[in-house]
Amino acid sequence: MGKRDGPPPGPDPLCEPFPGWAPVVLARCLPAAVIIGGIVFDVLTPPKYSSAPFFVSAPLVAASLLSLSATLLAAVAALAAIVTLSLARQAPEVGESVTEVVTVVTVGALAVGINRVVCRGNRRLASVRSVAEAAQRAVLPTPPARIGGLRVAARYVAAQADARIGGDLYAVQDTPYGVRVIVGDVRGKGLGAVEAVAILIGAFREAAEQERTLEGLAARLERALQREGAWRANVDQAEGFTTAVLAEVPPGAGALRIVNRGHPPPLLLHSDGTVGDTHPRAPALPLGMGDLGVWPDRVEQWEFPVGSTLLLFTDGVTEARDATGTFYDPRPRLRGKQFRSPDALLDSLTADVARHAGGRTDDDMALLAIRRIDGRLRTAPITHKRPQVTGRTVRLRSPQVHND
């Protein structure tokens, strides 16, 4: 991003709506194409037809798409072209040619003013985005790179289509019961969403140390959101909810436990390049919707051997769309690939999402990658086990179970 107090020397990227995009090449060529089109039109048509509209539109196109220097260049080029053509035509009616020249000069001056307004708005938007990202990162500090035999990496990518602060969240906590993780997405945007994120992160860090089970941890988060929503008078805030995934890597076994509350299921990337999903057996309501009914949380357990990576993300990843409206699916894009570290995985994934969406995302993305690197934490192999449901009570079998 450029400096807030003024544009840096040379072309100002904040004055261009698609910095870093491939379409910026087309945008830069468009004013020149319009001027060339005007010249061709003037040469191929009788003198009674005016090519002035082409030369008038060129600086206006540059004003909304390009920098100040490019706008000035387009205005000068348009003026030079129409003056040259007027002299070449040797039209008997000098007044018409003078009118065309004055029109191009006037519109060129207006285009410069319009460009300044556009650039100022882009800088203000960039500043707001910077503040929003800073606030988001203050609420979501980067987790340690290594926790309890796990390597951890996190990313937060702000949406390009909106400057408001989003409600995506993540946290990692080393507890007496193992390493516990939360990734979630609060409904809505703005400061209200950040407030809900702060409440959830605070409740998670406290409850993760105290609750013996993930079911108890999810219940504590549910109560925290209910308390937070009880005193809110705003209807939109009172109807808020949070999709979330709670995960736990317990000590002493190569296992992974997950509670999913209406969130995109995490992926398990194995060392051989295979990709597994963790779809819950039964869907569950997001956090904060306990007033609609009470259902027991279902803890599901998966094998998490050394070298495997757990990838958690918010719906900003899966809802990214390309030009045809196709949603991004990370599973086929990650299948068969191996990454040297969780950081490399997240860097590759975020770049691939950006390419898929053409560089413009409509929702924030929070991503967390956790790789098991310490074999000493694993004892007997544990296969994926589904919860055994009896009535409305969920019971997990003992660690020695059979595959479904």
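Throughout, residue positions are numbered sequentially from 1 according to the sequence presented.
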Quick one: pull up [atom1] in [X] and [atom2] in [Y] and give me the separation to the nearest 0.5 Å.
X	Y	atom1	atom2	answer
Ile39	Thr84	CD1	OG1	8.0 Å
Ser51	Ile82	OG	CD1	5.5 Å
Ile373	Arg146	CD1	CZ	3.5 Å
Leu169	Tyr156	CG	OH	10.5 Å
Leu150	Leu310	CG	CG	9.5 Å
Asp347	Ser341	CG	OG	7.5 Å

Aromatic plane relationship, Phe41 with Phe54 - under 30° parallel, 30 to 60° tilted, over 60° perpendicular: tilted
[Y] backbone acceptor or donor facing [X] side chain under 3.5 Å:
X	Y	value
His356	Thr326	yes
Thr103	Thr99	yes
Gln301	Ala255	no
Arg261	Leu246	no

So do the side chains of [X] and [Y] get within less than 4.5 Å of each other, counting heavy atoms only?
X	Y	value
Ser308	Arg372	no
Leu311	Leu334	yes
Asp315	Thr318	yes
Leu368	Val172	yes
Leu345	Lys337	no
Glu319	Thr361	no
Phe304	Val249	yes
Leu214	Leu217	yes

Contact summary for [X] and [Y], nearest pair of heavy atoms:
X	Y	value
Ala218	Asp297	CB-OD2, 3.4 Å
Ser57	Val34	OG-CG1, 3.3 Å
Val152	Pro144	CB-O, 3.5 Å
Tyr170	Pro143	CE1-CD, 4.0 Å
Phe55	Ala78	O-CB, 3.3 Å
Ser50	Pro53	O-CD, 3.7 Å

Distance-only polar pair, side chains of Arg180 and Gln173, donor-acceptor under 3.5 Å: no
Salt bridge (charged side-chain N to carboxylate O under 4.0 Å, His left out) between Arg151 and Asp343, worked out: CA-CA 9 Å; Arg151 292 188 65 181; Asp343 282 293; 5.3 Å; no
Stepwise side-chain contact (heavy atoms from CB on, under 4.5 Å) check, Cys119 with Asn115: CA-CA 6 Å; Cys119 290; Asn115 179 265; 3.5 Å; yes
Asn260 and His263: CA distance, side-chain angles, deciding distance, side-chain contact (heavy atoms from CB on, under 4.5 Å) verdict: CA-CA 6 Å; Asn260 193 322; His263 197 77; 3.6 Å; yes
side-chain contact (heavy atoms from CB on, under 4.5 Å) between Leu140 and Ile201, intermediate numbers included: CA-CA 8 Å; Leu140 303 176; Ile201 295 297; 4.2 Å; yes
Matching residue for Val186 among Leu287, Thr243, Asp168, Thr242 - test: side chain to side chain contact (heavy atoms under 4.5 Å, CB included):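 Going through the options one by one, the only one that passes is Thr242.
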Criterion side chain to side chain contact (heavy atoms under 4.5 Å, CB included) against Phe313, the qualifying member of Leu367, Thr350, Asp185: Leu367
Worked verdict on Leu256 versus Leu268 for side-chain contact (heavy atoms from CB on, under 4.5 Å): CA-CA 10 Å; Leu256 171 68; Leu268 274 172; 3.9 Å; yes
Asp352: side-chain hydrogen bond (donor to acceptor under 3.5 Å, both in side chains) partners, not counting sequence neighbours: Tyr328, Arg333, Arg355
